[in-house]
Amino acid sequence: MPELPDVEGFRRVLAEHAVGRRIERVEVSDPGVLRGVTACDFDAALRDHRFREPGRHGKWLIAGTSGPTVLMHFGMTGGLRWVDRGAPAARYDRVSFVASEGELRFEDMRKLQGIRLARDDDDVRKVIGALGPDALAVRPADFAHLLEERRGGIKAVLIDQEVIAGLGNLLADEILWRARINPRRPARDLTVTEQRALHTQMRRVLRASLITSRVPPRRSWLTGVRDQPAASCPRCGTALRRSTIGSRTTVWCPKCQEV
DNA sequence: TCAGTTGTTTATAT
DNA sequence: AATATAAACAACTG
């Protein structure tokens, strides 16, 4: 489910299929995913405009057009597909941007987040401006500085979108496991070596995940074994531990990631 | 029936 | 003030 690599995949769907296409109309089958705008106004604002090259910041997809900008957040279950015109609706299709060559479909089972309409750059900034730098763009020195400013545990800091944008639960656990850092270590207590390791592993995990547009559940990765009933560390074989941090399940290796 | 789910926000507690 | 936790959102799955 959507973390930075997944959203980057959705960005590519838009970039490969929808850029330059004229939006004939927007069909809203469930207005529950539209935030701060009615289906009628949304359609009217976008009609006859063309998609431009899309951007992304953290988990937000920034879909610019020749008119307003569409901001999409996929929550835990959202997705974006390009389909033939008039293709049968999937179970959780909520909004369809109809062009003459095909349709861009926003789907989302749980509707935890949704779609916003930004009428100008200022509207975009209201949403994106609250976020920290994108996880793929942050430089090592800035990364270290961000960690030193925070008092909380390192995992809570990594998934805080106002610190760094794009990391979710799976990515944070995977990155900490690779960097051999305990998720409850205070962020400001990390040594310079640990800060560097964390940044390096963050980039490495993200780059690998971008290829498949998801955190790959390979058995050599924490992500590949974390949901097994008696999961053991792919690196050392020690039984993995589970606990809850920030109300989400955290998995780590008590041997590789000693406090 | 119950617990759990890869995201975010809000209320409450520390 | 900052940090941590739980609940809520909605709709499933095992």
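Below, chain A is the first sequence line, B the second, and so on; all start at residue 1.
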Could you verify whether a donor N or O on one side chain and an acceptor N or O on the other, from A:Gln201 and A:Glu174, lie under 3.5 Å apart?
no

Expressed as a whole number of angstroms, how long is the span from A:Leu170:CG to B:dT5:P?
10 Å

What residues in residues 238-252 of chain A put a non-hydrogen atom under 4.0 Å from any atom of DNA chain B?
A:Arg242, A:Arg248, A:Thr249

Side-chain hydrophobic cluster, 4.5 Å single linkage: members besides A:Trp60
A:Ile62, A:Leu71, A:Val124, A:Val127, A:Ile128, A:Leu131

Within this structure, what is the CG-to-P distance between A:Asp108 and C:dC9, rounded to whole angstrom?
16 Å

For A:Trp252, the other hydrophobic cluster members (4.5 Å side-chain criterion, sorted by chain and number) are none

From CE of A:Met76 across to C1' of C:dA11 the rounded distance in Å is 11 Å

Stepwise salt bridge (Lys or Arg N to Asp or Glu O under 4.0 Å) test for A:Arg139 and A:Asp142:
CA-CA 5 Å; A:Arg139 307 312 313 163; A:Asp142 299 321; over 6 Å; no

Can a donor-acceptor pair be found, under 3.5 Å and without considering hydrogens, that links the side chain of A:Arg105 to the backbone of A:Ala87?
yes

Describe the nucleic acid contact of A:Gly32 in one word from base, sugar-phosphate, nothing, applying a heavy-atom distance below 4.0 Å.
nothing

Protein-nucleotide distance (A:Lys111, atom NZ; C:dA8, atom C1'), rounded to Å
15 Å

In whole angstroms, how far is the P atom of C:dA11 from the CD atom of A:Glu107?
15 Å

Quick one: list whatever passes salt bridge (charged side-chain N to carboxylate O under 4.0 Å, His left out) with A:Asp43, sequence neighbours left out.
A:Arg47

Heavy atoms within less than 4.0 Å of DNA chain C: which residues of residues 124-131 of chain A have one? Give them sorted by number.
none

At under 4.0 Å, does any side-chain N or O of A:Lys59 touch on OP1 or OP2 of B:dT8?
yes

Value in whole Å for how far the P atom of C:dA4 lies from CZ of A:Arg185
15 Å

So, using salt bridge (charged side-chain N to carboxylate O under 4.0 Å, His left out) as the criterion, who are the partners of A:Glu27 when residues are at least two apart?
A:Arg25

Which ILVMFWY residues can you reach from A:Trp177 by hopping between side chains whose heavy atoms are under 4.5 Å apart?
A:Leu222, A:Val225, A:Leu240, A:Val251

Assign each of A:Glu149 and A:Arg110 to its nearest nucleotide of DNA chain C by heavy atoms, then name whichever residue's nucleotide is nearer the 5' end.
A:Glu149

Residues in residues 112-122 of chain A with a heavy atom under 4.0 Å of DNA chain B, by number, are A:Leu112, A:Gln113

Using the P atom in both, what is the distance from B:dT8 to C:dA1, to the nearest Å?
25 Å

Would you kindly say whether A:Asp6 and A:Ser213 are connected by a side-chain donor-acceptor distance under 3.5 Å?
no

Tell me which donor-acceptor pairs under 3.5 Å the side chains of residues 164-172 of chain A have, and how far apart each pair is, sequence neighbours excluded?
from     : atom 1 : to       : atom 2 : distance (Å)
A:Asn169 : OD1    : A:Lys155 : NZ     : 2.4
A:Asn169 : ND2    : A:Thr249 : O      : 2.8

A:Leu4 atom CG is separated from B:dT8 atom C1', nearest whole Å, by 16 Å

Return the orientation label for the A:Phe74 and A:Phe10 ring planes: parallel under 30°, perpendicular over 60°, tilted otherwise.
tilted

Backbone N or O of A:Lys111 within a donor-acceptor pair of the A:Asp108 side chain at under 3.5 Å?
yes

Would you please confirm or rule out a distance under 4.0 Å between OP1 or OP2 of C:dA2 and any side-chain N or O of A:Arg150?
no

If we ignore hydrogens and angles and just use 3.5 Å, is the side chain of A:Gln257 paired with the main-chain N or O of A:Ile181 as donor and acceptor?
yes

Could you run through DNA chain B and flag its stems, i.e. three or more consecutive Watson-Crick or G-U pairs with both distances under 3.5 Å?
B:2-5 with C:11-14, B:7-14 with C:2-9

Strictly distance-based, threshold 3.5 Å: is any side-chain N or O of A:Asp41 a donor or acceptor partner for the main-chain N or O of A:Val37?
no

Using a heavy-atom distance cut-off of less than 4.0 Å, which residues of residues 155-169 of chain A contact DNA chain B?
A:Gln161, A:Gly168, A:Asn169

Under-4.0 Å side-chain N/O to phosphate OP1/OP2 contact, A:His73 with B:dT8
yes

Using modelled atom types and a 3.5 Å cut-off, is there a donor and acceptor pairing between side-chain atoms of A:Arg116 and backbone atoms of A:His73?
no

Contact between A:Pro68 and A:Leu46 at the side-chain level, heavy atoms closer than 4.5 Å - yes or no?
yes

Sequence neighbours left out, what pairs pass salt bridge (Lys or Arg N to Asp or Glu O under 4.0 Å) with at least one residue falling in residues 179-188 of chain A?
A:Arg185-A:Glu194

Can you check the A:Leu34 CG to C:dC9 C1' distance for me, whole Å?
17 Å

